[in-house]
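Values below: every heavy atom of this structure, side chains too, minus hydrogens, waters and symmetry copies. From a predicted model like this one, the values you see are computed outputs, not experimental measurements.
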Amino acid sequence: ELEEAIVWTAKAKAVLRTYEKGRPIMSANLVLIECMEIMKQYDQALELCEENIALSKSLNLVIYLKNTLLQQAKIYEKQGETGKAYDVYKEAMVLNDSIQSAESQRLTEELEIRYEVDKVASENALLRLEKELGQAELEKKSINQQWLAAFLVAIIVGSIAIVSIVLSRS
């Protein structure tokens, strides 16, 4: 069954190669590498590792490069080449650290952007509320002025009425 999986994956890779270079090819290679490792076909697996490493470096696909290096280190270890396995594993861990660092940086920047957007939204809401409060205070002043004007008119009318009454009696 494993040999059949290798045949089908190799066929899929051949078809993919006519359409695209990149992620699908590297994914197919990783499957083939794993199958060949299980079947102890280490030399063929290492050749595919080298192909994937070159492709992932040319396309700057660091995650594929890291995964391929981890596979390569595992194969070297199984071949008893612990020095090579250690060096390749160390390289994969450096890539892993840079991937995590880049992801942390991306998440930090995303949080900063969200914070700034929320801050601007809060400031806009506060300005809108302050504007509404200002309008309400203006309306209240206007109503108070209207009542004051009506009160003054009533006093003047009342005063005129009193003066008229007093003058008409005299």
Under 3.5 Å, side-chain donor or acceptor atoms of residues 155-166 against the rest of the protein: list the pairs with distances, not counting sequence neighbours.
unit_1: Ser159; atom_1: OG; unit_2: Ile155; atom_2: O; d: 2.7
unit_1: Ser164; atom_1: OG; unit_2: Ile160; atom_2: O; d: 2.7

### Message
Donor-acceptor pair, distance only, cut-off 3.5 Å: does the side chain of Thr9 make one with the backbone of Ile6?
### Response
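Such a contact is absent between Thr9 side chain and Ile6 backbone.
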
#### Entry: Check against side chain to side chain contact (heavy atoms under 4.5 Å, CB included), Met93 and Leu70
CA-CA 9 Å; Met93 288 304 98; Leu70 288 171; 3.8 Å; yes

Once you round to the nearest 0.5 Å, how far does [atom1] of [X] lie from [atom2] of [Y]?
| X | Y | atom1 | atom2 | result |
| --- | --- | --- | --- | --- |
| Asn52 | Gln72 | CG | CD | 10.0 Å |
| Ile63 | Ser56 | CD1 | OG | 11.0 Å |
| Lys84 | Ile75 | NZ | CD1 | 12.0 Å |
| Leu30 | Cys49 | CG | SG | 8.0 Å |
| Thr68 | Met26 | OG1 | CE | 7.5 Å |
| Leu32 | Leu48 | CG | CG | 5.5 Å |

For atom [atom1] of [X], decide whether the heavy atoms of other residues, nucleotides or ligands shown that lie under 6.0 angstrom number more than 12.
| X | atom1 | value |
| --- | --- | --- |
| Glu4 | CD | no |
| Lys78 | NZ | yes |
| Gln41 | CD | yes |

[X]-[Y] co-clustered via ILVMFWY side chain contacts under 4.5 Å:
| X | Y | result |
| --- | --- | --- |
| Tyr42 | Leu69 | yes |
| Val62 | Ile33 | yes |
| Val7 | Ile38 | no |

### Task
Evaluate side chain to side chain contact (heavy atoms under 4.5 Å, CB included) for Tyr64 paired with Leu55, printing each intermediate quantity in order.
CA-CA 9 Å; Tyr64 283 94; Leu55 190 55; over 6 Å; no

### Message
Counting C-beta onward and ignoring hydrogens, is there a side-chain heavy-atom pair between Asp43 and Gln79 closer than 4.5 Å?
### Response
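The answer is yes, as the side chains (C-beta and beyond) meet within the 4.5 Å cut-off.
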
### Task
Please tell me if the side chains of Glu91 and Tyr89 come closer than 4.5 Å, counting only heavy atoms from C-beta onward.
no

### Query
What's the shortest heavy-atom distance between Ala85 and Ala73, and which atoms?
CB-O, 3.4 Å

### Task
Provide the closest heavy-atom pair for Ala45 versus Glu37 in the form atom of the first, atom of the second, distance.
CB-N, 4.5 Å

### Query
Yes or no on side chain to side chain contact (heavy atoms under 4.5 Å, CB included) for Gln71 and Val88, after CA distance, side-chain angles and deciding distance?
CA-CA 9 Å; Gln71 286 289 95; Val88 172; over 6 Å; no

Name the atoms and distances for all side-chain donor-acceptor pairs under 3.5 Å in residues 97-116, with sequence neighbours left out.
unit_1: Ser98; atom_1: OG; unit_2: Leu95; atom_2: O; d: 2.8
unit_1: Glu103; atom_1: OE1; unit_2: Arg106; atom_2: NE; d: 3.3
unit_1: Glu103; atom_1: OE2; unit_2: Arg106; atom_2: NH2; d: 2.6
unit_1: Ser104; atom_1: OG; unit_2: Gln100; atom_2: O; d: 3.0
unit_1: Gln105; atom_1: NE2; unit_2: Glu109; atom_2: OE2; d: 2.8
unit_1: Arg106; atom_1: NH1; unit_2: Glu110; atom_2: OE1; d: 3.0
unit_1: Thr108; atom_1: OG1; unit_2: Ser104; atom_2: O; d: 2.8
unit_1: Glu110; atom_1: OE2; unit_2: Arg114; atom_2: NH2; d: 2.6

### Query
Does the side chain to side chain contact (heavy atoms under 4.5 Å, CB included) test come out yes or no for Ile25 and Glu51, once each step is laid out?
CA-CA 10 Å; Ile25 299 293; Glu51 180 184 334; 4.2 Å; yes

